[in-house]
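Keep in mind it's a predicted model, so treat the numbers as computed, not measured. The figures that follow rest on heavy atoms only: side chains count, while hydrogens, waters and symmetry mates do not.
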Amino acid sequence: MVRRLFKAVLTVFIVTTGTFFLVRLLPGNPVDTYIQTQIAQTGISYEAAAAQAKNLFSLDPDAPVISQYATYMVNLLHGDFGNSVLSPGTTVADVIKTYLPWTLFSVGVATVFSFIIGIVAGMIMAYRRESWIDHLLTSIGSLLHAIPNYILAILIVVFLGVKLQLFNLTEARGSYTPGVEPSFSLSFLNDIFYHAFLPILAYALTTVGSWALVMKSSTVETLGEDYVTVARARGLSDNRIRSGYVGRNAVLPLFSQLAVSLGFVVGGSIFVEKIFGYQGIGFSLFNAVNGRDYPVLQGIFLVVTISVVAANLLADVLYSRLDPRIRVGGTGKG
């Protein structure tokens, strides 16, 4: 476990360093972007816009990159993610705390629903394999698995929002209705579900197919195990075999994949949130990329890195605890 933790910390350090230098390879920088925006929107001269940028931004893109990197790492070790250059006075930590919970909510709810539905559908496909329902569910699952979530999001907007007009896309924008006071009331809960429904639908539909296909494969493999044959020979009921022998063992690989998939919550939300106008961390990341907001980009990518690395550690530990045949480090007996 100590070795795994060391590798995790090393991975975070390498990715953080790589991210720092990669974002600076993007064409333009926050100061140039701000100057061009001010000139286009207000019509002021380049000199006036440059003077405003100099007074507004604490970031000096002309400083040596190594000097910027050293300052960034020292501040990071003190828990300082820096300040947003597009929103002066706002820290990167505040940006993450403001937008990340909404992404965790929408993707978390979608993941839970798709995981449960996928497990049930996968077991039905395995027990009814080669039947019409197996072929139907397999085809649907393969189709949904092949469609990227942002493509499905566009299709939802076009058909459900524009063609059929089942949803008011303008009212559904944002994470909740402006003017509504956040609280633990039922009315606020209904409001946030209303705004998150379309992103949840896009996430759930594009992941349920993969869960179902993996569960089908795992269940079919488990049905051929010797302990299932022995359980049938002992005269155990089908329900007991399905729940106690087949289902419990077939779902084990999915739990490890579930933990890993949760680590990619942040990175996978950028296009879906932009399409629906849902103000989560992906929406903030998209704006940061367009505005070359280096500190926000670095902070969000750091959160992505930590979440993925932590999810992999969790998957290893979780699988070793759920499957008694495996122990962390490989020291357990089969």
Exercise for review: State the OG1-CG distance between T138 and L143, to the nearest 0.5 angstrom.
Suggested key: 12.5 Å

Exercise for review: Ignoring hydrogens and angles, tell me if any N or O in the side chain of H145 forms a donor-acceptor pair with the backbone of T206 under 3.5 Å.
Suggested key: no

Review point. Are L164 and L152 joined in one hydrophobic group, where the rule is that I, L, V, M, F, W and Y side chains link up if heavy atoms are under 4.5 Å apart?
Key: yes

**Study point:** Distance-minimising heavy-atom pair for V95 and V296
**Key:** CG1-CG1, 4.3 Å

Practice item. Go through N149 and Y203 one step at a time and tell me if the side-chain contact (heavy atoms from CB on, under 4.5 Å) criterion holds. Key: CA-CA 6 Å; N149 54 18; Y203 294 134; 4.3 Å; yes

Check your understanding: Are F283 and Y99 close enough that their ring centers fall under 6.0 Å?
Key -> no

Practice item. Compare every heavy atom of A196 with every heavy atom of P199, then report the nearest pair and how far apart it is. Key: CD-O, 3.2 Å

Exercise for review: Using only heavy-atom distances, determine whether the side chains of T103 and Y278 contain a donor-acceptor pair under 3.5 Å.
Suggested key: no

Check your understanding: Going by the ring pair (Phe, Tyr, Trp, His ring centres under 6.0 Å) test, which pairs reach into residues 146-183, not counting sequence neighbours?
Key -> W102-Y176, Y150-F271, F167-F197, Y176-F188

Revision key, fill the gap. CD of Q165 to NZ of K163, rounded to nearest 0.5 Å, is 10.5 Å

**Study point:** Rounded distance [0.5 Å steps], CD1 in I281 versus CD1 in I96
**Key:** 5.5 Å

Exercise for review: Apply the test side-chain contact (heavy atoms from CB on, under 4.5 Å) to residues D134 and K216: give CA-CA distance (whole Å), side-chain angles for both, the deciding distance (0.1 Å), then the verdict.
Suggested key: CA-CA 10 Å; D134 175 30; K216 174 190 174 182; 3.0 Å; yes

Review point. Counting N and O atoms only, with roles assigned by atom type, does the side chain of D191 sit under 3.5 Å from a partner on the main chain of T177, one being a donor and the other an acceptor?
Key: yes

Point to revise | Shared hydrophobic cluster, V15 / L10 (ILVMFWY, side-chain heavy atoms < 4.5 Å) | key: no

Exercise for review: Quick one: closest heavy-atom pair of H135 and E130, and the distance?
Suggested key: NE2-O, 3.6 Å

Point to revise | Residue Y194 excluded, over 12 heavy atoms near OH under 6.0 Å | key: yes

Point to revise | Considering all heavy atoms, the nearest T16-L302 contact | key: OG1-CD1, 3.2 Å

Point to revise | Minimum heavy-atom distance between G282 and I270, given as atom pair plus value | key: O-CG1, 3.4 Å

Check your understanding: Rounded to the nearest 0.5 Å, how far does CG of L22 lie from CD of Q298?
Key -> 10.5 Å

Revision key, fill the gap. When every non-hydrogen atom of V220 is compared with those of A126, the smallest separation belongs to CG2-CB, 3.8 Å

Study note, to complete from the structure: dist W211:CH2 -> I117:CD1 (nearest 0.5 Å) comes out at 13.0 Å

Practice item. Mind jotting down which residue pairs meet the ring pair (Phe, Tyr, Trp, His ring centres under 6.0 Å) criterion with at least one end in residues 70-97? Sequence neighbours excluded, please. Key: F20-Y72

**Study point:** Path from L77 to V303 over hydrophobic side-chain contacts below 4.5 Å
**Key:** no

Review point. Can you check whether M215's main-chain N or O pairs, donor with acceptor, with T219's side chain at less than 3.5 Å?
Key: yes

Exercise for review: For residues N83 and P295, determine if any side-chain heavy atom of one lies less than 4.5 Å from a side-chain heavy atom of the other.
Suggested key: no

Practice item. Have a look at S114 and tell me which of I200, T207, V109, L205 forms a side chain to side chain contact (heavy atoms under 4.5 Å, CB included) with it. Key: T207

Check your understanding: Mind checking whether V9 and I306 sit in one hydrophobic cluster, side chains of I, L, V, M, F, W, Y counted as touching below 4.5 Å?
Key -> no

Check your understanding: Taking the hydrophobic residues Ile, Leu, Val, Met, Phe, Trp and Tyr, and joining any pair whose side-chain heavy atoms are under 4.5 Å apart, which ones share a cluster with I116?
Key -> V112

Review point. Should N190 and L186 count as side-chain neighbours, where that means a heavy-atom distance under 4.5 Å?
Key: yes

Check your understanding: L160 and L201: side-chain contact (heavy atoms from CB on, under 4.5 Å), yes or no, with the steps?
Key -> CA-CA 11 Å; L160 299 186; L201 182 64; 4.1 Å; yes

Practice item. Please round to the nearest 0.5 Å and tell me the distance separating atom CD1 of I66 and atom OG1 of T71. Key: 11.0 Å

Review point. Looking at side-chain heavy atoms only, is the closest gap between L198 and L169 below 4.5 Å?
Key: yes

Exercise for review: Show your working on side-chain contact (heavy atoms from CB on, under 4.5 Å) between F21 and Q68 and close with a plain yes or no.
Suggested key: CA-CA 10 Å; F21 290 102; Q68 295 182 45; over 6 Å; no

Point to revise | Heavy-atom check, side chain of L285 versus side chain of L297, under 4.5 Å | key: yes

